[in-house]
J.: 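Supplied in structure tokens, the structure appears directly below.
Hydrogens, waters and symmetry mates are skipped; everything else that's a heavy atom, side chains included, is used. All ligand and atom numbering here is 1-based and tracks the order in the structure.
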Amino acid sequence: MDCTASRSHLLTRPRLIWISRLVIIASVACIGLFAIWQFQVPEKLQLHALWTTQPLKSDSTRPFNSSLYLNGAPTSISRENLRPEMKYITSWGSGGWTNDVISMINLLYLALITERIPIIPVFLPGHQLLNSYGYAGENPLVFSDVFDLAYLRDAMKIPILEWHQVKGQDDFSQKESIGCWSVWPVIQKQDPAPRKSFIPWFLKLDVSYTKAPDWIKLKPGNENDRVSTFWALAALAFPATRQASLVPPWPSKKNVTLPPDQHLLCFDCLYYLSVRESDELELDYSPAWRFVGQHMRWTPYIERMATKYLRKAFKIAEHDEIPPFIAVHVRHNDFIDWCDEGFKSPDDCFAPLSTIQKRVKQVQDELLTAKGIDTMHVVVTSDEKNNTWWEGIRELGWVRLDHEETKERYGFWHPILIDAVVQSMGAGFVGTARSTVSILASRRVETWRNGPTRMVRWGRPGADDD
Ligand SMILES: Nc1nc2c(ncn2[C@@H]2O[C@H](COP(=O)(O)OP(=O)(O)OP(=O)(O)O)[C@@H](O)[C@H]2O)c(=O)[nH]1
Ligand SMILES: *[C@@H]1O[C@H](CO)[C@@H](O)[C@H](O)[C@H]1NC(C)=O
Ligand SMILES: *[C@@H]1O[C@H](CO)[C@@H](O)[C@H](O)[C@H]1NC(C)=O
Ligand SMILES: *[C@@H]1O[C@H](CO)[C@@H](O)[C@H](O)[C@H]1NC(C)=O
């Protein structure tokens, strides 16, 4: 109805007052409802009041219009969809899930400092998992199903695209050739070829790589350190340094040779990146963590799922509050390859439960002293399959999540996704030194919960003794 109709007839003075009152009451109610709604996003999860470090208020209600940064809907060839006046950057994952999450953190930070629009690919199972899990294109995990992309865009104040918005991933999408930089053969010497990844295959990209210059390395000539610096790679995004660094490209699978693309800048591997020292993500000043990683909040979907698993583990009814707890991550299996010489058996190499218990106690004491919070509840997540070991966990009165049917019911990725979210919900955290899973979990607990953390050292008997 047109609001101006019959105006003079309706608006006598007392009516006007009534209407303005109604309008005020309605607005107050709306604002109230909005405030409650805003507040209820975290409340809905029934997290304990301890978790005060809430995310900044997201403007996620405003839909992101990807066509502002693309020509339109996904096209069969990506360059048809890229806008000529804008610049883009992308890269591929090629490791386990956590490694690939770190690569995406690095991609986003590189996008920030080069002022390019990042295009994020899906996560695919890594090479090492291929034999046990069938073919690589199975189970692609979309970044925005796990990470709240609207929140991340707001926090980073940059547009962020995903590949499925750029290029169709159906049978009609075409294989296209593109030139990318290759970092991998520069930062290590065992493998002289570009880093292998299933992502170009998944995206139907036929890549011709150009070997990046030697000066990208943080420690030139040091073969034991694979790190290159953010700004070395960023420099290659600009015309003069790029031009000065060009060498003949390797031919692609389709035997096409192309120099590194300037419109859509791409790298084979962005896992090993720092600004000033190796293993920087663990350190307080890490810009990749501060400008990107800390803003990669979970989607409500995956957070709800983790909460459901926690409730079941603690035997808590659906709407009851989850008590504050200590999250523990114990990494075993292939870490046996990294044990000290002469201690390559699990019992010699990995920390015994008594050591983990000691660290848990320290975190509990710290929480009690600093915040007056009693955290008798302990949740253990691990890649360990040995039931005798888990029996030891149970005897300590600690709980585990029931992943008996997780993969079958929800899919390939869900055990580690749910475990990572649960780890990040701890009031405090105890992890395994040198595990990227533990490193990200401890950064999340420190940043999001202001919680104490410890890393248990391992490699030989007594490795964690002070
Ligand atoms: N469900 C589950 N899986 C785990 C856990 N810890 C490790 N894993 C598995 O082991 C894989 C380790 O691969 P990444 O995530 O890339 O980590 P990594 O660098 O190989 O090993 P880390 O240094 O521990 O991270 C994970 O992706 C999981 O599949 C855990 O606590 N729960
Ligand atoms: C998105 O942006 C495009 C291009 O500016 C515009 O035509 C379109 O109407 C916008 N869509 C929405 C839903 O705002
Ligand atoms: C690839 O292309 C080059 C140059 O066009 C040609 O000399 C070479 O024979 C081709 N190689 C293959 C395997 O087709
Ligand atoms: C299983 O774990 C127990 C307790 O940690 C250990 O003693 C045993 O050797 C392990 N068994 C295997 C097959 O690794």
J.: Taking 4.0 angstrom as the limit and counting only heavy atoms of W97, give me the atoms of ligand 1 inside it, by number and element.
T.: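 That gives atoms 15 (O), 16 (O), 27 (O) of ligand 1.
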
J.: Short list, please: which atoms of ligand 2 are under 4.0 Å from a heavy atom of S67?
T.: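 What qualifies from ligand 2 is 1 (C), 2 (O), 3 (C).
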
J.: Between H403 and ligand 1, does any nitrogen or oxygen pair lie at a separation below 3.5 Å?
T.: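 In fact, backbone or side chain, H403 has no N or O that close.
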
J.: Can we call the ring centroids of W398 and H377 under 6.0 Å apart?
T.: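 Not under 6.0 Å, so no.
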
J.: Any protein N or O within less than 3.5 Å of an N or O in ligand 3? List each pair with its distance, or say none.
T.:
unit_1: ligand 3; atom_1: 2 (O); unit_2: N255; atom_2: OD1; d: 3.4
unit_1: ligand 3; atom_1: 2 (O); unit_2: N255; atom_2: ND2; d: 2.4
unit_1: ligand 3; atom_1: 11 (N); unit_2: N255; atom_2: ND2; d: 2.8
unit_1: ligand 3; atom_1: 14 (O); unit_2: N255; atom_2: ND2; d: 3.2

J.: Relative to the heavy atoms of N99, which atoms of ligand 1 are at a distance of less than 4.0 Å?
T.: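 Those atoms are 14 (P), 16 (O), 17 (O), 18 (P), 19 (O).
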
J.: Any salt bridge between R290 and D284, counting N to O under 4.0 Å?
T.: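 No, R290 and D284 are not salt-bridged.
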
J.: Taking only heavy atoms of L68, which atoms of ligand 2 are found under 4.0 Å from at least one of them?
T.: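 It comes down to these atoms of ligand 2: 2 (O), 5 (O).
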
J.: Which atoms of ligand 1 sit under 4.0 Å from any heavy atom of Q423?
T.: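 Under 4.0 Å from Q423, ligand 1 has these atoms: 31 (O).
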
J.: Are F202 and F198 near enough that their ring centres are under 6.0 Å apart?
T.: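 Centroid distance F202-F198: not below 6.0 Å, so no.
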
J.: Report, in ascending order of atom number, the atoms of ligand 1 lying under 4.0 Å from any heavy atom of P415.
T.: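 Listed by number with element, the hits are 1 (N).
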
J.: Determine, considering heavy atoms only, which of D383, N333, D100, T98 sits nearest to atom 8 (N) of ligand 1.
T.: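 That would be D383.
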
J.: Between D337 and K344, is there a salt bridge with N-O shorter than 4.0 Å?
T.: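 The answer is no: the pair does not qualify as a salt bridge.
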
J.: Is the positively charged end of R297 above the ring of W448, judged by distance under 6.0 angstrom from the centroid and angle within 45° of the axis?
T.: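 Output yes; distance and angle both within limits.
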
J.: Tell me, please: is S382 in heavy-atom contact with ligand 1, that is, under 4.0 Å?
T.: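 Judged by the 4.0 Å heavy-atom criterion, S382 does count as contacting ligand 1.
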
J.: Can we call the ring centroids of F429 and H329 under 6.0 Å apart?
T.: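 So the answer is no for these two rings.
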
J.: May I have the step-by-step check of salt bridge (Lys or Arg N to Asp or Glu O under 4.0 Å) for K196 and D268, ending in yes or no?
T.: CA-CA 8 Å; K196 286 179 190 62; D268 60 344; over 6 Å; no

J.: Any nitrogen or oxygen of R331, side chain or backbone, less than 3.5 Å from one on ligand 1?
T.: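 Min N/O separation from ligand 1 is below 3.5 Å for R331.
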
J.: Could you say whether the N/O atoms of F335 and ligand 1 ever approach to under 3.5 Å?
T.: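 In fact, backbone or side chain, F335 has no N or O that close.
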
J.: Using a strict 4.0 Å threshold on nitrogen-to-oxygen distance, state whether D402 and R311 make a salt bridge.
T.: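 Answer for the salt bridge query: no.
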
J.: Please compare I416, V328, I418, V101 and report which has the shortest non-hydrogen distance to atom 26 (C) of ligand 1.
T.: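 Heavy atom nearest to atom 26 (C) of ligand 1 belongs to I416.
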
J.: Look at K253 together with D206 and state whether they make a salt bridge at an N to O cut-off of under 4.0 Å.
T.: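 Judged by the 4.0 Å cut-off on N to carboxylate O distance, K253 and D206 do not form a salt bridge.
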
J.: For R434, which part has a heavy atom under 4.0 Å from ligand 1: side chain, backbone, both, or neither?
T.: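 Backbone only.
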
J.: Would you say the rings of W298 and F147 are close, in the sense that their centroids are separated by under 6.0 Å?
T.: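 Yes, they do, as the ring centres are separated by less than 6.0 Å.
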
J.: Does this structure show an ion pair linking D465 with R457, if we count only N-O contacts that are shorter than 4.0 Å?
T.: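 Answer for the salt bridge query: no.
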
J.: Does F335 have R434 sitting over its ring (NZ/CZ under 6.0 Å from centre, angle to axis within 45°)?
T.: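 Verdict for F335: no cation-pi partner in R434.
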
